[in-house]
Student: 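One structure, pasted below without further comment.
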Amino acid sequence: IHYLISKGGSEALLQALATAARAQPPEEDTLRALLCLLARVGRRDRKFGLKVQRLEATDLILSLARKNLGHHLNLTHCLWVLRVCASSVTAGTTLGINGAMELLFKVITPYSKRHVRTVRAAIEALAALLKSKSNSRRAVNRGYLCGLLKLYQDWHDNDVSNNYIHIRRGLLICLKHITNIQLGRETFLDARGMEILFTSVQDCLSFKNLDPIVTTATQILRKCYPKEPLPVPTVGSFYSFSLPGKGSTERPCMVPEDDYESDGEEEVEKDLDDDDDDDDYDLETDVNKLMSRPLLDRPEMELKQYEAMCPELSHNFQSEEEKSLEDNTENLPSTPSYFIPSTTSMKLQNTQRTQSVTVTGPDPGEDFNVPMAEALQDVDSCEGEDMARTHGLALRSLPKEAAWYKQIFNTECETSINPSPEGRLKSSDIMRSLLKKHQGTIPFHNPCFYVSRAECVKSIPDYKFLAFPDFWGHQPPPYGKPMLERKCGVQRDRVLDDVRRFVQPSDVIGRTVFDLDEPRWVISIDPGAPDCLMFFSTFESGNLRKAIQVREFEYDLIMNADVNSDQHHQWFYFEVRDMKLAVSYRFNIINCEKLNSQFNYGMQLVMYSVKEALQGRPCWLRVGYDISYYKNHYRSCAAAAGGTRRRSYYTLAFSITFPHNDDVCYLAYHYPYTYSTMMSHLDILEQNRNPKKVYWRQQTLCQTLGGNPCPLLTITAMPESKKRDDLEEFCNRPYVFLMARVHPGESNASWVMKGTLEFLVSSDPIADLLRKCFIFKIIPMLNPDGVINGNHRCSLSGDDLNRQWLTPSSELHPTIYHSKGLLYYLRSVGRAPLVFCDYHGHSQKKNVFLYGCSIKETLWQAGCVVDTSVITEDVGYRTLPKILDKVAPAFVMNSCSFLVEKSRESTARVVAWQEMGVLRSYTMESTYCGCSHGLYKVIREMEKNEVYLLQIGLQLGTQELEEMGNKFCLGLLILHLKSLPCSKQVMAQAALLLDLEEEITDLRTHRSVIRIFRGFSCRSSCLGMHFGFSFKEMTLLVAEIFML
Ligand SMILES: [Zn+2]
C-alpha cells in the first residue's frame, strides 16, 4: 500500500471515484469497490485529507453519502471514507462546513439497533470530525451535544448484554472531543452530563470488558469537573518573613476573582521543581563558558575572615588540645556510651527566644556552645511557676485514653490524664515520666539533648510544641519494606470518588477541622465534633495548613506554601489523633505541584505511632495503601501564579488503617529530620568521639536570616604527635567538602549525612585511616530556616538556595554566601577540595546516584564536534561513582550523569567545579522511594522459616540511607588509595587492612552471604553496622577494589 501511495495511488483512486460517480446509470459495484479501497488506502496515507481537499473531493464523498442514505451497504462505505478524510483537521473542517455532521446525525439518531454497522461507521466518522474545534463549536450550537448524551444513555440502557461496546465508546469519544472546548464543557455541565456519565459508569465498574468505556468516561468527567481555586484565602504561604532592607512584607492579598474556565484548553504543563530532571536541550554547549573561570564575586580582602574557619591550618596543639588529651587519658569506650547529663552537671544558659531577629555576619572565632540539656532544668524549675514563660516547649499531649495511661505510667501520672484546653497542663510531669521511661536505646539520639536544642530554635510560628517522634527518637524497624505493588484501577476509583462529590453534594460533610487561617482551629479541640480526627502541625518541620473532613473517614488536606512564596508544596508532616481502630481512613493532599510522583510507582509515606513508640517500637514505618497521585480540579489563578499561566494542582490520595484506637500518630512525606535533631546529633557525636584520635571542631558558619546558627564541622585525625613533621602532615591533608539539606523537603539527604558523620567519628579502623587521609569540612544543614519552618524547597527569602551560587547575596542567602566564601578561601590558599559533594534527595527517580560535571561528556551528548586536542579533561571525576557502585548497595552508576546544564549553572555542584576548579564536584541524589537496581533490587522475605526472593525492590529506610552515607566515606578512602600518592604510614595501614588475600578468592560467596545477613540482621543495631561486621565487610571490599 505504501508503494501505491508513493506513486500517487490515492489521487488516482479519487479521480476514478469522481468518474464512476458521474457515470449514468451509476456503476454501483465499481463505486463500492473504489470506496472500499479508498478507506483502506486513506488510513495509511497520512496526507489523505490534504489530497481529498486538493482534488475537491469532499463534496463528492458527501453527496455520494447523501444519495445512499437509504442504501446501507453503500452508505457504510462512504462513511469509512468520510472518517479517513476527517483525520485531517482542515478537510474535517471543510466537511463540517458542508453539512457532514447533519448527515451523520441523521444516520445515528434516533436510537435503533438496525444497521448497526452503518451507525458505528457514522459515529466513528463523527468522532473524527469533532477533533476540529470549529466542528465541535458547530455541534454544540446545533444541540448535538445533548443529542449525543441522550443517544449514549439509550445505548447504555438497552445494551444489557454488552454487545455494542464499540458504539458506546464511540459516542463517548465524540463527547470527549466536544468537551475539549470550553463551550462544550459548559454545555455538558448544563445538560447534567456529569450525573449521566457518572451513573452509567457505576453500572460498568464490575465488568472487566467495559474498562475502555469506564476509562473514557472518567477522562471526560475529570476534564469537565468545574475548576476551582483552593479553599484557602490565599495561595501564598500563611507565614511571611520581613527580609532585611525590604521593610515588612505584607501577606499576599486575597486572591482576586478569576475566571477559572478562561483557558480554553488544558494547560501546558511545566514542572515547577526541576532540580532533578536532566534534559538534553538544556545542555551548555558554549565551550568558552564551560572552560572559563569567573572572577571573584566579592573583594579579595573579604576572604581573610574565613581563615578563622580553618583553625586546623594554623594549629600548634599546645594549649587546649593538650589539656583535653590529658583529661581523657583513661581508656575510652570502644562503643559510644550515651551520656545523659544529670541536673547538677548542667550549666544553665539563658536562651532568648523573644530576641529580635537580626542578620549578623559569620561568627567564626567562637566555638559553638552546647546548651547542656537545660530541658531537664526547665522541667524541674517549672513546678509551681508560671507556665506561660517566654520560652519552653511542651510536648504534645499523649493519647488520652485513661486505661492506656495507667498501663504506661502506672499511677503516678493519673493527675495528668486530662489535658487542659491548651493541652499543656502538667506537660512537665509527662515529660519527666517519659524521660524516666526512655531506655536510651536509640543510638545517637537523646531526648534531653533534643529538647534543649529545640528550645533555642527560632521559628516564624514561634513553636510551642514538640512533635513526639522528634523528641523520642526513631529506630529503624527490623525489616525493610518492598515497594508497594501497583494495583489496577486505584487512580480511577479515586477520581470517581472525587466526581461523586460534585454529583452527590449532599454526601459531603465539608467540615473544616484544622485551619491556620482560623485560629480557633489551630488547637483543634472541638467538643462538638466527636467523630472526627484531630490535626496539628505547628511544630518544627510541620506544614499542615488546613484539614477538611469530606466524608466520615475521608479528609482533604492542604499544605502550607514555603514561607514568602506561593508554591512548593510537596513535603508534609503533621499530627493526627483520635482515630478508630480497624477503620480505613482516606487522606487527600490536594495541593501537590509536581507532574508525577514516585507515589505512583511503589512509594509509601511514613507514619509514627506514639502508642507503638511507648511500647518499645519507636519507628517511622512505610505505610499507606491505594496510593495514587493525579491531577485534580483545583487551579491557582493566573494572578497568583505570577501572571503567567494557571497552575494545576495534584492530589496525593492514600488510605491508612491506624495500629491503635485513640492513638496519636504522625504522618510525613519522608522520614523527618529536624534542625534540632541535627544539632542534638552533633552534640552526641562530639561527646562520643575519641578526642585522642578524632579532631573535631564545630563552628558557626553564619547566622541564618531567621537567626539560627548554621554549623560548620571540621573533622580529621589528630596529629600523631606534636613533632613538626606530624603537624605538617596534619595540615597538609587534602580537603573533602560535604554539604546537605539545602532543600528542606529532602530529609533523606540528612539521613545520609547522619551516616557519614557517624562513620567519620567512629572507632572503625577504616574511619581511622580515612581521617588520616583527609580534612573534612562539613555543613550538615545549609538551610536550617527552611527545615525549621516546614518548607519544601526554599529559604525564608522564598528563594531556592541551590540556584544562588553564582552571585549569592550576603544579606538574603548568608549560608550560601559564606559557604562559597570558605571555598574561595581554601582555593586562595591553594587548598581547593579534592572532593566536593552536596547531598540531595530525588523525588522522581529510584536508587542513589551522583551528578558530576564534564565538559567533554556534555559536548558529546549535545552532538557538538569536540576538538580533543584543545580540550583536555581529567576523567578522574568518574572514579568515585565507579567505586561507590561497587561498595554501596543502593548506589547505581548507570543513573549517574556528568552533563552540565544551563539551568544548573547556579548550583553548588557547577560553581564548585567551575569557579573553585574542583574536578570531583558532585550532587548526590538519594531516592525517596526505593531501588530498582543493585543489591536492594532483590529483597528477601522470610515466612515460616522459608526464604522468598522478591524482585520488587526495597523502599529505602533510614538504615539504608545512613549506610549510603558511611559507604560514601569508604568510597573516599578507596579513591584516596587509588588516586593519590599515599604516605608510607597510610600505605602500611592500608596494607594491614588488606592482608586478607586468602579470603579474597571467596569474595563472591562472601558478598552474597552479606546480602542475606543484611536481610535478617537486627537492623536496630546501628552500632553493629559500624563496629561489628561492617569492618570485615568493608575491608574485603577495599581489598577487592584495591586488587583490581
Ligand atoms: Zn535538591
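Note that ligands are numbered from 1 as they come in the structure, with each ligand's atoms numbered from 1 the same way.
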Student: Of the backbone and side-chain N, O or S atoms of E925, does one lie nearer to the Zn ion (ligand 1) than 2.8 Å?
Tutor: no
Student: Indicate if the distance from the Zn ion (ligand 1) to the nearest N, O or S atom of H842 falls below 2.8 Å.
Tutor: no
Student: List the residues meeting salt bridge (Lys or Arg N to Asp or Glu O under 4.0 Å) with D297, not counting sequence neighbours, and say none if there are none.
Tutor: K820
Student: Taking 4.0 angstrom as the limit, do D800 and R793 come out as a salt bridge?
Tutor: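 Yes, this pair counts.
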Student: With the Zn ion (ligand 1) at the center, what angle do ND1 from H840 and ND1 from H743 span, rounded to 10 degrees?
Tutor: 100°
Student: Ion pair present between E925 and K845, side-chain N to carboxylate O less than 4.0 angstrom?
Tutor: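 Not counted as a salt bridge, because no side-chain N and carboxylate O are separated by less than 4.0 Å.
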Student: Will you find, in the side chains of D470 and Y573, an N or O donor that is under 3.5 Å from an N or O acceptor?
Tutor: yes
